[in-house]
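Data block below; observations after.
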Amino acid sequence: MTAQHHGFAAAARGAGREPAHWSVRPLGTDPVGQYTAAAEHVIVAFTAVAGPDRPFVLPEFSATRTFPAARAIGFHLIDYVVHSWDVARTLDLAYTPSAELLRAALPIARAVPDDESRLAPGSAFRPGLTADEEADTLEQILTALGRSPHWRGPEQGPGVSTGRTHLSS
């Protein structure tokens, strides 16, 4: 997840094409500090973006096209809503993002193409699942992106596996 902060910050500065910005780096002795610094770095980079149409180069999404800043920042938002859930669930921690955040994230999750690309090795999202009729907003986001809201971390016992390939680093 730290590498994604670095990569998106580079994209916001116009340097997203450089693979080094997207690479996973050794965690070192203070991984929490490194993550926190990277999160602050991407926030600063996003606030400096001149406008919602500024093109971002995101090599993990496409080697040939750019994405408007508003869409690219939305990609990063949905990654963090879902991957934060992944981490919390794995560690058996509560995850209760604000209703406002979830309302903003839901249309982004629904806009992620649900096609064969989700079956590719390394895909962050699996094919979508059907949400229960009573599903709350977080559950709708999770199922749209192939996560079962009932999945439990490996240390917490049996549950429904999502078939996830990895967490973004």
Exercise for the section: Look up atom OG in S123 and atom CD in E60, then write down how far apart they are to the nearest 0.5 Å. Expected result: 11.0 Å
Problem - Partners passing side-chain contact (heavy atoms from CB on, under 4.5 Å) against A88 (at least two apart in sequence or in another chain) - result: L93, Y95
Practice task
With the side chain counted from C-beta on, respond yes when L142 and L129 share a heavy-atom pair under 4.5 Å apart, and no when they do not.
Solution key: no
Handout entry: Neighbour count above 12 (heavy atom, 6.0 Å) for R54 CZ
Key = yes
Practice task
Identify the heavy atoms of A45 and A12 that sit nearest to each other, and give their distance.
Solution key: O-CB, 3.7 Å
Exercise for the section: Output, in order, the C-alpha distance, side-chain angles, deciding distance and verdict of side chain to side chain donor-acceptor pair (under 3.5 Å) for D86 and H83. Expected result: CA-CA 5 Å; D86 291 336; H83 294 320; 2.9 Å; yes
Exercise for the section: Examine distances only and state if a side-chain atom of E40 and a backbone atom of A37 form a donor-acceptor pair shorter than 3.5 Å. Expected result: no
Handout entry: Minimum heavy-atom distance G28-P31, with the two atoms named
Key = O-CD, 4.0 Å
Exercise for the section: Please work out whether the ring planes of F46 and F56 are parallel, tilted or perpendicular, with thresholds of 30° and 60°. Expected result: tilted
Handout entry: Whether S84 side chain and V81 backbone form a donor-acceptor pair below 3.5 Å
Key = no
Exercise for the section: Taking the side chain as every heavy atom from C-beta outward, state whether D30 and Y35 have any atom pair closer than 4.5 Å. Expected result: no
Handout entry: F8 ring center within less than 6.0 Å of W22 ring center
Key = yes
Handout entry: Single-linkage hydrophobic cluster, 4.5 Å side-chain cutoff, V49 and V44 together
Key = no
Practice task
For the pair D132 (side chain) and E134 (backbone), establish whether a donor and an acceptor sit closer than 3.5 Å, ignoring hydrogens and angles.
Solution key: no
Problem - Approximate separation, where rounding is to 0.5 Å, of L101 CG and L77 CG - result: 5.5 Å
Practice task
For R25 and H6, run side chain to side chain contact (heavy atoms under 4.5 Å, CB included): C-alpha distance rounded to whole Å, both residues' side-chain angles, the deciding distance at 0.1 Å, then the answer.
Solution key: CA-CA 10 Å; R25 302 168 189 164; H6 289 296; 3.2 Å; yes
Exercise for the section: Answer with yes or no whether the hydrophobic clustering places V42 together with V57; edges join I, L, V, M, F, W, Y residues whose side-chain heavy atoms lie under 4.5 Å apart. Expected result: no
Handout entry: Listed partners of D53 passing side-chain hydrogen bond (donor to acceptor under 3.5 Å, both in side chains), at least two apart
Key = none
Practice task
For the pair F67 and F75, name the ring-plane relationship: parallel under 30°, tilted 30 to 60°, perpendicular over 60°.
Solution key: perpendicular
Exercise for the section: Can you establish whether the number of heavy atoms outside R17 located under 6.0 Å from its atom CZ is more than 12? Expected result: no
Exercise for the section: Not counting sequence neighbours, which residues clear ring pair (Phe, Tyr, Trp, His ring centres under 6.0 Å) with H41? List them please. Expected result: none
Completion exercise
Closest non-hydrogen atoms of G51 and A69, given as atom of the first, atom of the second and distance, are O-CB, 3.5 Å
Practice task
Please answer whether the main-chain N or O of H76 pairs with a side-chain N or O of Q4 as donor and acceptor at a distance below 3.5 Å.
Solution key: no
Exercise for the section: Return the set of residues passing salt bridge (charged side-chain N to carboxylate O under 4.0 Å, His left out) with D114 (not counting sequence neighbours), or none when no residue passes. Expected result: R118
Problem - Which residues share a side-chain contact (heavy atoms from CB on, under 4.5 Å) with T137, sequence neighbours left out - result: L102, L106, I141
Handout entry: Shared hydrophobic cluster, L119 / F125 (ILVMFWY, side-chain heavy atoms < 4.5 Å)
Key = no
Completion exercise
Taking every heavy atom of A120 against every heavy atom of R126, the minimum-distance pair comes out as O-NH1, 4.3 Å
Practice task
Apply side-chain contact (heavy atoms from CB on, under 4.5 Å) to P52 and list each qualifying residue two or more places apart in sequence or on a separate chain.
Solution key: A70
